[in-house]
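Atoms within each ligand, like the ligands themselves, are counted from 1 in listed order. In this text the structure is predicted, and so the values were computed from the model without any measurement.
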Amino acid sequence: MKVIETDVLGVVVLEPLLFGDHRGYFFESYNERTAGIHGLTARFVQDNESFSEKAGVLRGLHYQIGEHAQAKLVRVVSGSIFDVAVDIRKGSETFGRWFGTVLSDRNKRQLYVPKGMAHGFCTLEAETTVLYKADAFYHAVSDRGIRWDDPHLAIDWPVDVPILSGKDESLPSWEDADFE
Ligand SMILES: Cc1cn([C@H]2C[C@H](O)[C@@H](COP(=O)(O)OP(=O)(O)O[C@H]3O[C@@H](C)C(=O)[C@@H](O)[C@H]3O)O2)c(=O)[nH]c1=O
């Protein structure tokens, strides 16, 4: 597994080692020991899958507060996304900085999003399926978000008019967001 550092502290891109042969391919999509060697120590307790019918579906930016904060490991098994993590750890030297990258069923890349990040993605293709692991259970009461198009964050999304959930349409700005 190749681990690529990013300019947001703790956010890394993982490239698994692919074994191809005449049948197809094999790779370890997650190995706790290998991850641990690279300092990725989350103990995942929940696996999630989301399917988006169209290109331009944007989910985010989401996080859970307090003891319910989640580290996530995100990958795509069909289609592609632009995946984004935003540092919302007050006191972090990269607080307020975002990182985005393309994850696809072809590049097999994964994004490791540590606790203390807001996370979101937009689909680049129709019929995109995203799988992600989380190291804390879903806790609806602790669920929070920030507007995808907040001008302070100025995320360079590859879509101008995304398809959003009702919830995501009414998320607060960075300035009004609840980080604790
Ligand atoms: C996230 C989540 C949602 N749900 C339920 C609540 C709701 O009725 C329904 C759909 O939830 P949402 O609209 O929040 O789903 P979605 O907008 O896909 O939310 C997800 O977005 C990405 C970017 C993330 O990082 C995830 O952690 C999660 O926040 O699923 C669970 O039961 N468990 C979960 O872990």
Side-chain angles (χ1 to χ4, degrees), residues 6 8-14 29-30 35 40 42-89 92 94 96-105 109-150 153-159 161-174 176-180:
T6 72
V8 176
L9 259 182
V11 176
V12 291
V13 177
L14 307 181
S29 56
Y30 180 70
L40 312 176
R43 297 297 303 265
F44 293 112
V45 296
Q46 189 177 320
D47 281 356
N48 300 322
E49 171 172 333
S50 72
F51 172 77
S52 302
E53 278 181 14
K54 296 186 178 164
V57 167
L58 194 153
R59 298 169 188 256
L61 301 156
H62 300 158
Y63 57 99
Q64 294 191 165
I65 52 167
E67 65 186 86
H68 300 285
Q70 295 172 310
K72 294 171 189 167
L73 183 63
V74 188
R75 68 192 186 103
V76 170
V77 290
S78 127
S80 57
I81 62 172
F82 182 67
D83 201 23
V84 172
V86 181
D87 191 344
I88 56 168
R89 298 167 297 190
S92 162
T94 56
R97 190 180 296 173
W98 63 273
F99 172 79
T101 193
V102 174
L103 308 180
S104 75
D105 56 5
R109 285 180 154 202
Q110 305 185 3
L111 192 67
Y112 185 90
V113 180
K115 285 184 196 290
M117 299 281 149
H119 171 247
F121 60 82
C122 88
T123 57
L124 301 172
E125 289 171 54
E127 308 207 335
T128 288
T129 301
V130 178
L131 302 185
Y132 51 101
K133 306 176 90 61
D135 77 340
F137 295 107
Y138 175 59
H139 192 256
V141 176
S142 306
D143 199 29
R144 297 288 185 280
I146 307 165
R147 280 198 67 80
W148 68 281
D149 58 350
D150 184 273
L153 296 175
I155 297 171
D156 196 9
W157 293 104
V159 59
V161 187
I163 302 163
L164 300 172
S165 69
K167 184 184 89 174
D168 287 354
E169 297 235 12
S170 52
L171 289 176
S173 65
W174 171 263
D176 294 334
D178 174 15
F179 295 132
E180 266 125 8

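Side-chain N/O atoms of T123 and R59 include no donor and acceptor closer than 3.5 Å.
Salt-bridge check for D168 with R147: failed, with every basic side-chain N at 4.0 Å or more from each acidic carboxylate O.
Taking the six-membered ring wherever Trp is involved, the centroid distance between the rings of W157 and F121 does not fall below 6.0 Å.
A salt bridge (charged side-chain N to carboxylate O under 4.0 Å, His left out) check over residues 117-126, counting only residues at least two apart or in different chains, returns the pairs R106-E125. Screening residues 66-78 for salt bridge (charged side-chain N to carboxylate O under 4.0 Å, His left out) gives no qualifying pairs among residues at least two apart or on separate chains.
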Under 3.5 Å: N or O atoms of ligand 1 paired with protein N or O:
from: ligand 1; atom 1: 14 (O); to: K167; atom 2: NZ; distance (Å): 2.7
from: ligand 1; atom 1: 18 (O); to: R59; atom 2: NH1; distance (Å): 2.9
from: ligand 1; atom 1: 19 (O); to: H62; atom 2: ND1; distance (Å): 3.3
from: ligand 1; atom 1: 21 (O); to: H62; atom 2: ND1; distance (Å): 2.9
from: ligand 1; atom 1: 25 (O); to: K72; atom 2: NZ; distance (Å): 2.9
from: ligand 1; atom 1: 25 (O); to: H119; atom 2: ND1; distance (Å): 2.6
from: ligand 1; atom 1: 27 (O); to: K72; atom 2: NZ; distance (Å): 2.8
from: ligand 1; atom 1: 29 (O); to: H62; atom 2: ND1; distance (Å): 2.8
from: ligand 1; atom 1: 35 (O); to: Q46; atom 2: NE2; distance (Å): 3.0

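By the side-chain hydrogen bond (donor to acceptor under 3.5 Å, both in side chains) test, S78 is found to be paired with no residue, residues two or more places apart in sequence or in another chain being considered.
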